[in-house]
Amino acid sequence: DPTWPAATDHMEEIVYQLQGVEGSLFNDIITPCNNEAAGPGRVTASEWLRVGFHDMAPANRYFGTGGVDGSLQFELNNGENTGPGHATTLQFMANYYTSRSSLADLIAAGVYASVRSCGGPIVPLRLGRVDATQAGSAGVPQPQNSIVSFQQQFDRMGFNATEMIQLVACGHTLGNVHSTEFPQIVPAATGQIPFDTSNAAYDNKVAAEYVSGNTSNPLVVGLSIASGRNSDFKVYNSDRNVTIAALAADPALYRATCQRVLQKMIEVVPQGVVLTADPIAPYEVKPVNVQLTLNEGGSTLALTGSIRVRTTEVPGDSIDSVVLTWKDRNGGDSCGSSGSCSVSATLQGVGQGFDDTFGFFPIAATIPTAAGISSFTLTVKLKDGTSKTYDNNGHAYPVPDAVILQKPQSCLLQGSGALTVSALVRNDLADLPVNLTVTYLTPRGTADGNPVPALNNAEIVMTKGDCVGKYTFFSGSFTIPGGLSYNARIGVTVGEGETAHTKDFFKASDFPGTCGTFTGGATCGGVTTSSAVPSSTTTTSTTSDPGSTTTSTTITTSDPPSATTTTSTTSAPTPAVKPTVGGYTFQACWTEGTGSRALTGASFAYDTMTLESCMTNCTAGGFDYFATEYARECYCGNSLHATSSQAPSPDDCNMLCAGDPSEFCGAGNRLELYSTTATRTTSATPAPTATLARKEVVGGYRLVGCQKESSVLGVRALSGMPVLAVDGLTLEGCAVYCGGWEYFGAEYGRECYCGNTINGDSVPAAQGDCSMTCAGDPFEYCGAGDRLELYRLASATATATATATASATPASG
Ligand code: HEM
């Protein structure tokens, strides 16, 4: 595999990821080979092949001009590109036209695809073509030209007399000559005449039928002779049929020859254009659409996307899983409270190209913001117990977390083109310039008849917004003109030049129509250090150094643009218990429960913890209690677990908040507990009407009972989907996530698992074991540690034990 990401990645996906999951559908209108997308008699695949030749044909190797450069878009009316096929082909290609897929590369890819779709050879595809910005010279051979003229024209393109014969025979195996365009060749009433009897199969019949004298090729026999337009005859006969006879005699030779001369054809490019050293090939293993998003609350990042595994030789069902193992921001293995630095993914869908199949393994990792991420490696585990690790040629797959394009808070109104982009920039970089880049297409005026829109670029300076934990929001808006906003690509760059951090090529069409608001964010303690240790060292580092102009102990929600407002505090303020925080009053120093947390509604952990930010987090969820623990943890809930109680001594809660050393934030197993019940007057939170109870029916599922997790190493009781681990988990949400799978199970308050079978040594457990309430709904039960609240599709037959073989796809219906 090339080292990822590579400049050719987008083209690789257009060309190989054709159908199925993430399919580009680039082959849609040329499949099957005889498809006539533009109407009867117009074989689309043959039009694509002819476009490749016509774009290349004006090339002049003596001047270094022309070649496959997309200039055909400006030359449609120059008299030598007759027929509607060129315009319709370019129009189709324009849907794929981006800053990473030039029209010229798409035309070349069209040659590969059309030939392959018709059963021809794999034409090797090198990339890097650059689009012309205006028409080039004329120079497409016309049927009435003399053979001397043909030979000169092909010589100008870089093909000798033999290659000329080969190239024409390798083109005229597909498609037709049309009477509308060439009435001197095809009689008006006829419509169109094919070159050979298999005009929708890439084979050597065009040569074989010519040599055996039974051809009906209109450029050899018939009306064309009278006006000297029998160009194929002139070409094939120019070496007394030696070359064409060899191609006619040997289908394999024809194939190999065509592979070579068509590759040569698409590699004719203007001087100065350098194609990639190697033709593209599908990756064995490739991250697809991998991206980071800051989760609500700000304490974790979601790493999402898919790992695509080529399954052509190693079938997808022989793969057990793909394990993604990441490194933290500093290249280490600190993954914060979530423990392990790896997630495992199972096969969720397949895709196909002409010659390859792919399995898609969706990933969903939750990464503590405090620790961050820098890169990952992948291990493909086979069911036979073997495995292979991919480390991106020794570089690991980079996922820098310096800048994040935050989709949920971005939006595009496709009708008006109104675009708003939100990005998060890590606080240590938030003073650098942040720019939004929009590349977008605008239609050309109808006057010049060019069907390919122009590619434009806009740069917008983004405005600094709120700071959320380790990140600062930036936003920028732009109205995309031209009505093609769905085709736009979005990027964000922090800093300039070599050291710039960029995340780009996001599809604007993936943005929602309205921008969401980010809720539950922690305010920033003005801390730019990245200490992950919630101890007194943090206290020291947040204390302003009078000589420094960058650190500040001021808690701000939006960073002032300059550092001039730095406070001059030189010593830590004396910490004290805060009697009230917002609408909450201090209750006590409290203990955790046994076997359960005291507060199970929601939890957060980050290095900028303050009482205020924890309160904000818990208010967002409408909780009656909030508590801080161990300097950097925050818990919310509507009730205290029965096994928790007041701490023996109020002095137990002696840890200072990681984000504010003037406040106390509990201690190990000690909660700084606040409650609204006495004083809260806001009506924002509806009074709880529900009571905590087991739910028999959730969505289309029925409660099975409490189930023990499998204890077999690496085997989960339910493993159909990647675990969904969210602080807002409810049984309803888990049922939706697992929609279609036979079972879903909620575990440990905030984890959701799906599957069609129950794996490993998982067995039923006492219902009372499942004692944790759901993080997103304190009136529902969501399992416990090592215990699943297990539900099964109500429609499923009441088979006592799940004995079906493991399946990678959801049960239908
Ligand atoms: C001496 C050189 C050539 C001449 C004079 C020539 C001429 C023509 C003519 C008159 C047509 C009919 C177009 C129509 O009615 O729509 C045609 C079709 C076609 N040509 Fe050529 N051609 C030449 C070389 C090539 C080469 C080198 C290729 C590709 C490698 C090629 C690929 C095709 C294809 C695929 C069609 C079918 C298009 C369709 O079905 O719409 N031609 N050619």
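Remember, it's 1-based here, ligands and their atoms both numbered in the order they're listed. This is a predicted model, so every value here is computed, not measured.
At the top of the distance list for atom 9 (C) of ligand 1, counting protein heavy atoms only, stands L219 CD1, 4.1 Å. For atom 24 (C) of ligand 1, the nearest non-hydrogen atom of the protein is F53 CE2, 3.3 Å. Summary of contacts: the protein heavy atom closest to atom 18 (C) of ligand 1 is F195 CZ, 3.5 Å. Counting only heavy atoms of the protein, atom 37 (C) of ligand 1 lies nearest to L174 O, 3.6 Å. Taking atom 34 (C) of ligand 1 as the reference point, the nearest protein heavy-atom neighbour is R50 CB, 3.7 Å. Given atom 39 (C) of ligand 1, the protein heavy atom at minimum distance is S46 OG, 3.2 Å. Summary of contacts: the protein heavy atom closest to atom 14 (C) of ligand 1 is H178 ND1, 3.2 Å.
Ion pairing between a basic and an acidic side chain is recognised when a charged N comes within 4.0 Å of a carboxylate O; R61 and D155 show such pairing. Electrostatic pairing of K286 and E13 counts as a salt bridge here, judged by a charged N lying under 4.0 Å from a carboxylate O.
Using a 4.0 Å cutoff on heavy atoms, N176 counts as a contact of ligand 1. Residue contacts with ligand 1 include P143, since one of its heavy atoms falls under 4.0 Å from the ligand.
The distance from ligand 1 to the heavy atoms of E47 drops below 4.0 Å at these ligand atoms: 41 (O). Taking every non-hydrogen atom of G175 and a distance limit under 4.0 Å, the qualifying atoms of ligand 1 come out as 40 (O).
With distances taken over non-hydrogen atoms, the option nearest atom 4 (C) of ligand 1 out of G41, P141, G83 is P141. In this comparison of C258, S179, G171, the heavy atom closest to atom 30 (C) of ligand 1 sits on G171.
At a heavy-atom distance under 4.0 Å, no atom of V43 approaches ligand 1. By the criterion of a heavy-atom distance under 4.0 Å, the side chain of H172, and not its backbone, is placed next to ligand 1.
Relative to the six-membered ring of F505, R100 meets both conditions, a distance below 6.0 Å and an angle of at most 45° to the axis. Within the cation-pi definition used here (under 6.0 Å to the ring centroid, within 45° of the axis), R310 does not qualify as a partner of F358. Figure legend: cation-pi geometry between K264 and F159, with NZ or CZ positioned under 6.0 Å from the six-membered ring centre and within 45° of its axis.
In this structure, V186 and P218 have side chains that are in contact, with non-hydrogen atoms separated by less than 4.5 Å. When side chains are defined from C-beta on, K407 counts as touching Q291, because their heavy atoms get closer than 4.5 Å. Two residues are said to be in side-chain contact when any heavy atoms from C-beta on lie closer than 4.5 Å; M56 and I266 fail this criterion.
Proximity of the aromatic rings of Y440 and F478 is defined here by a centroid distance below 6.0 angstrom, and this criterion is met.
Ligand 1 has no N or O atom lying under 3.5 Å from any N or O atom of S231, backbone or side chain. The N/O atoms of R42, backbone and side chain alike, include none that comes under 3.5 Å of an N/O atom in ligand 1.
Using bins of under 30°, 30° to 60° and over 60° for the plane-to-plane angle, the ring pair F26/W48 lands in the tilted bin.
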